[in-house]
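Numbers restart at 1 for each chain; the letters A, B, ... are given by sequence-line order, proteins then strands.
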2 protein chains.
Amino acid sequence: MPAEDPGTKADGKPAARDLDRGLLPSLMGYALRRTQSAVFADFAATFAAAGEALTPGEFGLLVLVDRNAGLSQMALARALGIDRSTLVPILDRLQGRGLLVRRRSPTDGRTHALALTPVGAKALARFAKLVRAHEARIASALSTAETRTLIELLEKVRASSL
Amino acid sequence: MPAEDPGTKADGKPAARDLDRGLLPSLMGYALRRTQSAVFADFAATFAAAGEALTPGEFGLLVLVDRNAGLSQMALARALGIDRSTLVPILDRLQGRGLLVRRRSPTDGRTHALALTPVGAKALARFAKLVRAHEARIASALSTAETRTLIELLEKVRASSL
DNA sequence: TATTGTTATACTCTATAACTATA
DNA sequence: TATAGTTATAGAGTATAACAATA
């Protein structure tokens, strides 16, 4: 994902003055989108620099499967807030990379019991280290208290928007 | 986009206990993504309820064009942080809806001067009202001071992630 | 040569609808 | 009947590469 324009460029030209953003800077939704985009970019850069490839969504999925081994695709889709059909190609890819497996549930023939492979578990440990480094970087401009406050306020907004 | 699972459901069943999310709740990136998703859903619902169709990105684009009439597609793409080729189909759609026009720049034959149509300007006024209602709703769980703090912290994070 | 806008192409995320196997 | 997973399909957002027009 793209970084935002850094404003005035350092070349010789008239340097295309910053655009007028009107009311946008006062909108929480706008701040949320722009910050999310920058954070996503840092996440991608962190993983690319380490020679790994993973999206934030894939990381969240792997953590969920790791901590809830045996869960069904429906349960996972619900936890992720996506449709069950959306989940299929995502699992295909992760399974294709050897990170997780779909096993037949012994108790309900309709469902798959999801689990990380040993390779997936090892990879997740590496990924978690990278995520911690990424988190430290994006929070580097905030104090510990500010970081905690930010997460709390975000959660408050999310919880009230159900 | 989809609302997250509301946790324990209100039906009669065993009610599939909440999943273990491991370290995810302590991650700023995770909170950001989930909150953004909920806020996006509220934005969409607000517009749908009013019989309008617009995404947050389209709203931001229209505001930028409104406040910077005559700007080029390159300048707009840079301001939005997207590739110029990505912008083309987005402008096609908005132009197809009669909200904006591409005019030939008189000074530089390579560029298009973008501007809202009268219809687009009127629509933007309606949209802005809806956005204000949406913003009030998503901030309803926060005090005025908290809302200001949230936006400030988000901006701090974004500005440091350039 | 360099820049702007466009097209062609390719992924990914997202959804709805319909199919299948199972319950 | 109802549920789980899959497939088919479609739309939006994102990108890179190549091309035409213009500078």
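- Counting heavy atoms from C-beta outward, B:Leu76 and B:Asn68 have side chains that stay 4.5 Å or more apart.
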Extract from the structure each pairing of a protein N or O with an N or O of nucleotides 10-12 of chain D at less than 3.5 Å, listing the distance.
none

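- In this model, the phosphate group of C:dA2 is not approached by any side-chain N or O of B:Arg110 to a distance below 4.0 Å at OP1 or OP2.
- Rounded to an integer number of Å, the gap from CG of A:Leu87 to C1' of D:dT6 is 12 Å.
- Under the salt bridge (charged side-chain N to carboxylate O under 4.0 Å, His left out) criterion, A:Arg103 pairs with no residue, sequence neighbours left out.
- In this structure, B:Gln73 reaches the C:dT6 phosphate: one of its side-chain N or O atoms is under 4.0 Å from OP1 or OP2.
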Give the table of side-chain donor-acceptor pairs shorter than 3.5 Å for residues 113-122 of chain B, with sequence neighbours excluded, one pair per line with atom names and distance.
unit_1   : atom_1 : unit_2   : atom_2 : d
B:Thr117 : OG1    : B:Gly98  : O      : 2.6
B:Thr117 : OG1    : B:Leu99  : O      : 3.3
B:Thr117 : OG1    : B:Val119 : N      : 3.4
B:Thr117 : OG1    : B:Gly120 : N      : 2.8

Pairs: protein N or O with nucleotides 16-20 of chain D N or O, under 3.5 Å:
unit_1 : atom_1 : unit_2  : atom_2 : d
D:dT16 : O4     : B:Ser85 : OG     : 2.7

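- The side chain of B:Val88 lies closest to C:dT6 when the candidates are C:dT4, D:dA23, C:dT6.
- Sorted by first and then second residue, the pairs that involve residues 44-94 of chain A and meet ring pair (Phe, Tyr, Trp, His ring centres under 6.0 Å), not counting sequence neighbours, are A:Phe43-A:Phe47, A:Phe47-A:Phe127.
- For the atom pair OG of A:Ser26 and CZ of B:Arg148, the computed distance is 12.5 Å after rounding to the nearest 0.5 Å.
- Taking atom CZ on B:Arg78 and atom P on D:dA15, their separation rounds to 15 Å, with Å as the unit.
- Here the options are B:Arg137, B:His134, B:Arg34, the test is side-chain contact (heavy atoms from CB on, under 4.5 Å), and the partner is B:Val39; only B:His134 passes.
- Taking atom CG of residue A:Leu61 and atom P of nucleotide C:dT12, one finds them 15 Å apart after rounding to whole Å.
- Going from atom CG of B:Leu80 over to atom C1' of D:dA15 covers 16 Å, rounded to whole Å.
- Remark: the A:Arg33 side chain and the B:Gln36 side chain contain no N/O donor-acceptor pair separated by less than 3.5 Å.
- Scored by the side chain to side chain contact (heavy atoms under 4.5 Å, CB included) test, B:Thr111 finds B:Ser72, B:Ser105, B:Asp108 as partners (sequence neighbours excluded).
- Look at A:Arg102 and you won't find any side-chain N or O under 4.0 angstrom from OP1 or OP2 of D:dA4.
- What separates CE of B:Met74 from P of D:dT22 is a distance of 19 Å, to the nearest Å.
- Salt-bridge annotation for B:Glu155 and B:Arg158: present, with a side-chain N of the basic residue lying under 4.0 Å from a carboxylate O of the acidic one.
- Where B:Leu91 and A:Ile90 meet DNA chain C, the nucleotide closest to each residue was compared, and B:Leu91 sits on the side nearer the 5' end.
- Distance, A:Ile82 CD1 to D:dA4 P: 15 Å, rounded to whole Å.
- Rounded to a whole Å, the CG atom of A:Asp92 is 15 Å from the P atom of C:dC11.
- B:His112 places its NE2 atom 12 Å from the P atom of D:dA23, with the value rounded to the nearest Å.
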